[in-house]
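Just so it is clear, the structure is predicted and the values come from calculations on it, not from any experiment. All ligand and atom numbering here is 1-based and tracks the order in the structure.
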Amino acid sequence: EVLQQMLDYYTRTGDHWRTLAYRKGINALRRQTKKIKSKAEARSIPGIGERLADKIEEIVLTDHLRRLNHTNESEADKIIQEFLGIYGCGLAQASKWAAQGYRSLSDLRERASLTKNQRIGLERYHDFAQRIPHKEVEAHGAVVRRAIQSVDKEMQVIIGGSYRRGAQDSGDIDLLITKSEATLEQVRSLVLDTVVPQLFREGFLQIGLQTSRRTGEGSKWQGASVLPGTTIWRRLDLLFVPGAEFGAAMIYFTGNDIFNRSMRLLARRKGMCLNQRGLFKDVMRNGQMKLNPGRLVEGRDERRIFEVLGVPWRPPELRIC
Ligand code: DCP
Ligand code: MG
């Protein structure tokens, strides 16, 4: 719990590397079957480095961490943390508001000039802050699946993200929409031209927070939905996946992010490149820079991508790193 509070702090302050180290460390500790009581014991666990082992020993001996007392004090940090809960608000925006003197959500609501989406994020702050129970994620998926399949019976809707990893609750709902022979444009136009307008008419979709043609290469729709008979708005992502990229997209959108990172790193070590569209080989690099996209080895089949990388198949619920 103490390390988790440190992790929350580093997440809030955007300290990328410490965030990773703490997540790894906490997960490694959770997997231990007996209590870790010293620095040496902590240090012998893969994933726990020197400095984290020091902290673990301190927690064992004192029941708290000096550093934590310090980090908890910062008032500005608490404000920024609160602002970061506004959907679509990143660290830059949160810090900017804090620097402009806004101290609370009601400050923002009353005095700040906000974009339409920021205003919605603020109005629905408490909705979006709540975790979504597994069963409810499933129900949102079913509504979208029904709407999509009433237009095209062969179109598939798969619930990805933390849900696919078996989480009891999720931060948002990630739906992959795909069909074996469909192109990106075909999936996109079915969803954007037909299904999304229909789901708005039914009162299921409430708002589009990012319109697809502006984000990335137009491969998703992001917004909010409400189940019939309920009032809480949930964050919903519709991800358009061409049939040929299904396996790579499944890996990417199943996560978790750290598992993805290690798969990509492994691909790189083997002279390949893994992204959400496929596994590529013969990629030429100049340091960090990719000089060519390489040749597609596999995109369609999730298991095959594991095989080519030489990684034994890992069911989604074991992809928690
Ligand atoms: N993803 C990633 N790297 C990121 C962000 C996301 O690899 N920086 C991938 C892995 C995630 C998936 O996309 O599992 C979905 O992203 P979410 O932010 O929705 O994360 P989760 O679904 O895992 O968790 P949550 O319950 O918070 O939604
Ligand atoms: Mg998610």
- [ ] Find out whether the Lys NZ or Arg CZ of R300 is both under 6.0 angstrom from the six-membered ring centre of F246 and within 45° of the ring's axis.
- [x] no
Task: Row check, W17 ring normal vs R51 NZ/CZ: under 6.0 Å, within 45° - done: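 Judged by the rule (NZ or CZ under 6.0 Å from the ring centre, within 45° of its axis), R51 is not positioned above W17.
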Open item on the list: I need the atoms of ligand 1 closer than 4.0 Å to a non-hydrogen atom of S170, numbered in the order shown.
Closed with: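 What qualifies from ligand 1 is 26 (O).
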Task: Interfacing atoms of ligand 1 (cut-off 4.0 Å, heavy-atom, T254) - done: 14 (O)
Decide whether an N or O pair under 3.5 Å exists between [X] and ligand 1.
X    : value
N256 : no
D174 : yes
N260 : yes
G161 : no
D172 : yes

Open item on the list: Is D237 close enough to touch ligand 1? Criterion: a residue heavy atom under 4.0 Å from a ligand atom.
Closed with: no
Open item on the list: Any heavy atom of R131 closer to ligand 1 than 4.0 angstrom?
Closed with: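 Checking ligand 1 against R131, which is what was asked, there is a heavy-atom contact under 4.0 Å.
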Looking only at protein heavy atoms, identify the closest one to [atom] and say how far it is in Å.
atom                    : result
atom 8 (N) of ligand 1  : D257 CB, 4.6 Å
atom 22 (O) of ligand 1 : S162 N, 2.9 Å
atom 23 (O) of ligand 1 : R165 NH1, 2.8 Å

- [ ] Look at the aromatic rings of F128 and Y87 and report parallel, tilted or perpendicular, splitting at 30° and 60°.
- [x]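 Perpendicular: the ring planes of F128 and Y87 meet at over 60°.
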TODO: Just say parallel, tilted or perpendicular for the rings of F200 and W221, cut-offs at 30° and 60°.
DONE: perpendicular
Open item on the list: Less than 3.5 Å apart, any donor N or O on the side chain of S225 or R234 sitting next to an acceptor on the other?
Closed with: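 There is no such pair (donor and acceptor under 3.5 Å, judged by atom type) between the side chains of S225 and R234.
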Open item on the list: Could you check whether E202 and Q198, counting side-chain N and O atoms only, form a donor-acceptor pair closer than 3.5 Å?
Closed with: yes
I'd like to know if [X] and [Y] make a salt bridge, using a cut-off of under 4.0 Å between side-chain N and carboxylate O.
X    : Y    : value
D107 : R111 : yes
E58  : K55  : no
R18  : D15  : yes

Open item on the list: Closer than 2.8 Å to the Mg ion (ligand 2), what protein N/O/S atoms do you find?
Closed with: D172 OD1, D174 OD2
TODO: List, by chain and then residue number, the residues other than I232 in its hydrophobic cluster (Ile/Leu/Val/Met/Phe/Trp/Tyr, side-chain heavy atoms under 4.5 Å); write none if there are no others.
DONE: none
Task: Selected option - heavy-atom contact closest to atom 5 (C) of ligand 1, from F253, Y252, Y163 - done: Y252
- [ ] Scan the protein's non-hydrogen atoms and note whether one is under 4.0 Å from atom 1 (N) of ligand 1.
- [x]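 For atom 1 (N) of ligand 1 the answer is yes, since some protein heavy atom falls inside 4.0 Å.
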Open item on the list: Using side-chain heavy atoms (C-beta onward) and a distance below 4.5 Å, is Q4 in contact with I26?
Closed with: yes
